[in-house]
Amino acid sequence: MTAAPPVSPPVPLSRNRDYRLLWGGQALSEFGFHTALIAFPLLVLALTGSGAASGLVMGTIAAAQMVAGLPAGVLVDRYDRKAIMLGCEAAQAVSAISLVAAVWAGAATVWHMVVVAAVFGASAALFEPAESSSLPGLVAEEHLPTAVAMNTARASMGQLAGTATGGFLFAVGRFVPFLVDAVTHTLSFVALLFVRLPRRERSADEVGPLGREALAGLRWVWRERRIRVTVVCAVVLNLFFSAFYLVVIVLAESRGVPSGEVGVMAAMLGVGGVAGALLAPALHRRLGPYGGIIAVFWALAVLAPVTVLMDSGYLIGVLFALMALFPPTANTAIMTDQLLRTPDELRGRLTSTLVLACGAAGAAGPALGGALAQALPGDRAILLCAAGMAAAAVLATVSPTLRTLSRRHEAGRTDG
C-alpha cells in the first residue's frame with residue numbers, strides 16, 4: 001500500500017506573491033482615488049464657484065456605483081475577473097489623464113468632470129466584486145479572514161492618507177491630485193499584470209440575459225438564510241450609524257463646536273477604522289464570527305447615547321474611534337463566511353448585492369438623520385437612533401442563525 005504524499009502547508013500571506021501584488025497595487029490605487037475625490041469639489045468650486053455643480057460631480061460617482069452595481073456582479077461572474085480589474089484600472093488612469101490635460105490647458109468643464117466621475121464610480125462598482133470574488137482563489141481558506149481584514153485596513157488607510165494629501169496637492173497645482181491618481185492607477189495596472197489568477201471557464205449555455213442573471217443572483221442571496229441575515233445586519237448597521245453620525249454633526253454645530261473639532265471627529269472615525277482593521281484578524285480569532293458581529297451592535301448601542309453628554313468635539317472623536325474598532329471584525333466574519341458558502345460562479349453577484357444594499361442604507365441613513373434632526377431636538381434624535389441600535393443589538397444577539405457562524409468557526413479551529 002502506497003502512502004499518500006504529504007500535504008504542503010498553505011503559503012502564508014506574507015509570502016503569497018500574488019496576494020501581495022494585488023494588495024500593494026490596490027493600496028496605491030485607493031490612495032490616488034481618494035486624493036482625486038477630495039480634489040473634485042475643490043476644482044469645481046475654483047472653476048465655477050457653484051456648490052450645486054460640486055454636488056453634481058460628487059453625486060455622479062455615487063450614482064454610477066449604484067447604477068452599475070447589479071450588472072457589475074453579473075459581468076464579474078460571466079467574464080475573466082483579472083481582465084475586468086485591468087480594464088477598471090486602465091479606464092481610471094486614462095480618464096484622470098484626460099482631466100489633467102484639460103486642467104493644464106485651461107479647458108476643463110463641469111461636464112468633463114461629470115464623465116470622469118462616472119468612470120470612477122462605475123470602475124469602483126466593477127472592481128470591488130471582481131477582487132473579492134478572486135480572493136478564495138488567491139489565498140488558502142484559513143488565511144481568508146486575514147486577507148479580508150487586510151483589504152479593509154488598506155481601504156481605510158487609503159481613504160485617510162488620500163483625503164489628507166489631496167487638499168495639499170491641490171494647493172500645489174489644480175491638476176496635481178489627478179496626476180497622482182493617474183500614476184497610481186497605472187502602477188496598479190502594472191502590478192495586476194503579474195498577478196496569477198486561476199482561469200475560469202464558463203460555457204455559452206450558462207450565459208443568459210443580464211437582467212435574468214442579476215435576478216438569479218438576488219434570489220440565491222435571499223434563499224440562503226445565513227447570507228440573508230448577515231446582509232440584513234450590515235444594512236441595519238449602516239442605516240442607523242449613518243443617521244446617528246449626521247445627527248451628531250448637526251448637534252455639535254448647534255452647540256458651537258468649532259469646525260476644526262468637527263474635522264477631528266470625522267478623522268478619528270477613520271483612525272478607529274484603521275486600528276480596527278489591523279486588529280480584526282486577532283479579534284476574529286478571539287471573538288469568533290458571532291461575537292465579532294454582536295460586538296459592533298452593542299458598542300454602538302452603548303456608546304451612542306454618551307454623545308448626548310459631551311460638548312467637546314475631541315471627546316466625541318474618541319467615542320467615534322471606539323465605535324469604529326469593531327466593524328472591520330464583523331466585516332471579516334461576514335465576508336469570509338459568505339465567500340466560502342457561495343459558489344464561485346455567484347460570488348460576483350453576492351458581493352455586488354452586499355455593496356448595493358449597504359450603499360443604499362448609507363444613502364438613506366443621512367436622509368433619516370436629517371429628518372430626525374429637523375423634527376426633534378438633537379439629544380432626542382440621538383437617543384432615538386441609539387434605541388434603534390439597541391433593538392437591533394437584541395435581535396442580533398438572540399438570532400439562532402448568527403450563532404451558527406460561531407459553530408462553524410469552532411469546527412474550523414478544531415479541524416485545524
Side-chain angles (χ1 to χ4, degrees), residues 6-30 73 76-77 80-86 88-89 126-158 188 190-201 226-227 230 274 276-289 292 327-352 354-355 405 408-416:
V7 178
S8 301
V11 177
L13 290 183
S14 60
R15 297 207 307 269
N16 187 324
R17 167 191 173 276
D18 297 306
Y19 177 74
R20 286 189 292 114
L21 280 171
L22 178 60
W23 193 94
Q26 279 309 289
L28 288 172
S29 182
E30 287 175 2
V76 165
D77 288 334
D80 182 80
R81 288 166 182 165
K82 179 177 175 178
I84 288 174
M85 290 189 282
L86 285 168
C88 291
E89 294 296 350
L126 269 167
F127 195 99
E128 185 170 351
E131 183 189 19
S132 295
S133 303
S134 300
L135 277 183
L138 282 177
V139 304
E141 180 175 330
E142 55 264 49
H143 296 150
L144 190 57
T146 303
V148 171
M150 290 301 295
N151 283 6
T152 302
R154 182 193 70 200
S156 298
M157 289 186 290
S188 179
V190 173
L192 269 170
L193 288 173
F194 296 96
V195 174
R196 296 168 299 194
L197 279 177
R199 292 196 64 83
R200 301 168 57 251
E201 300 294 339
R226 276 167 58 171
I227 292 178
T230 52
V274 172
L278 294 175
L279 292 171
L283 289 175
H284 181 263
R285 289 191 295 271
R286 180 173 293 274
L287 298 176
T329 302
N331 178 67
T332 297
I334 290 172
M335 285 302 300
T336 300
D337 182 74
Q338 289 178 346
L339 286 173
L340 293 177
R341 289 183 60 82
T342 306
D344 183 64
E345 64 271 14
L346 287 168
R347 282 176 178 151
R349 278 166 282 183
L350 165 76
T351 306
S352 64
L354 183 61
V355 170
L405 297 178
R408 184 186 188 283
H409 178 73
E410 290 299 325
R413 288 171 57 178
T414 302
D415 293 342

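What you are looking at is a predicted structure, and each value in this text was computed from that prediction instead of being measured.
- Of the inter-residue distances, the one linking I84 atom CD1 with L126 atom CG reads 6.0 Å to the nearest 0.5 angstrom.
- Between the side chain of R20 and the main chain of S14, a donor-acceptor pair closer than 3.5 Å is present.
- When side chains are defined from C-beta on, L135 counts as touching L144, because their heavy atoms get closer than 4.5 Å.
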Residues L138, V195; criterion side chain to side chain contact (heavy atoms under 4.5 Å, CB included); working and verdict: CA-CA 9 Å; L138 282 177; V195 174; 4.2 Å; yes

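- Contact of the E131 side chain with the N151 side chain is registered, since non-hydrogen atoms from C-beta on lie closer than 4.5 Å.
- Side-chain atoms of P136 and D344, non-hydrogen and from C-beta on, never get closer than 4.5 Å to each other.
- To the nearest 0.5 Å, the span separating CD1 on I227 from CG on L350 amounts to 5.5 Å.
- At least one donor-acceptor pair under 3.5 Å links the side chain of Y19 to the backbone N or O of A147.
- Between P145 and T336, the shortest heavy-atom contact is CA-OG1, 3.4 Å.
- The main-chain N or O of L339 is found under 3.5 Å from a side-chain atom of R347 such that the two form a donor-acceptor pair.
- A donor-acceptor pair is defined here as one N or O able to donate and one able to accept, closer than 3.5 Å; such a pair exists between the side chain of K82 and the backbone of L193.
- Residues H284 and P289 approach most closely at NE2-CG, 4.1 Å, considering heavy atoms.
- When every heavy atom of S352 is checked against every heavy atom of G73, the shortest pair comes out as OG-CA, 3.3 Å.
- Nearest heavy-atom pair, L287 versus G292, reported as atom, atom and distance to 0.1 Å: CB-N, 3.9 Å.
- Counting only distance, with no hydrogens or angles, the side chain of R17 and the backbone of F194 share a donor-acceptor pair below 3.5 Å.
- The distance from the CE atom of M157 to the CG atom of L278 is 5.5 Å, given to the nearest 0.5 Å.
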Derivation and outcome, side chain to side chain contact (heavy atoms under 4.5 Å, CB included), residues L197 and D18: CA-CA 8 Å; L197 279 177; D18 297 306; over 6 Å; no

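- At least one side-chain heavy atom of V76 sits less than 4.5 Å from a side-chain heavy atom of R81.
- The distance from atom OG1 of T351 to atom CD of E128, rounded to the nearest 0.5 Å, is 7.5 Å.
- For S29 (side chain) and G25 (main-chain N/O), no donor-acceptor pair under 3.5 Å exists by modelled atom type.
- Closest heavy-atom contact between T152 and P328: CG2-CB, 4.0 Å.
- The structure places OG1 of T332 at 10.5 Å from CE of M150, a figure rounded to the nearest 0.5 Å.
- Remark: side-chain polar atoms of S132 are not paired, donor with acceptor, to backbone N or O of P129 under 3.5 angstrom.
- Between the CE atom in M85 and the CG atom in L22 there is a gap of 5.5 Å [rounded to 0.5 Å].
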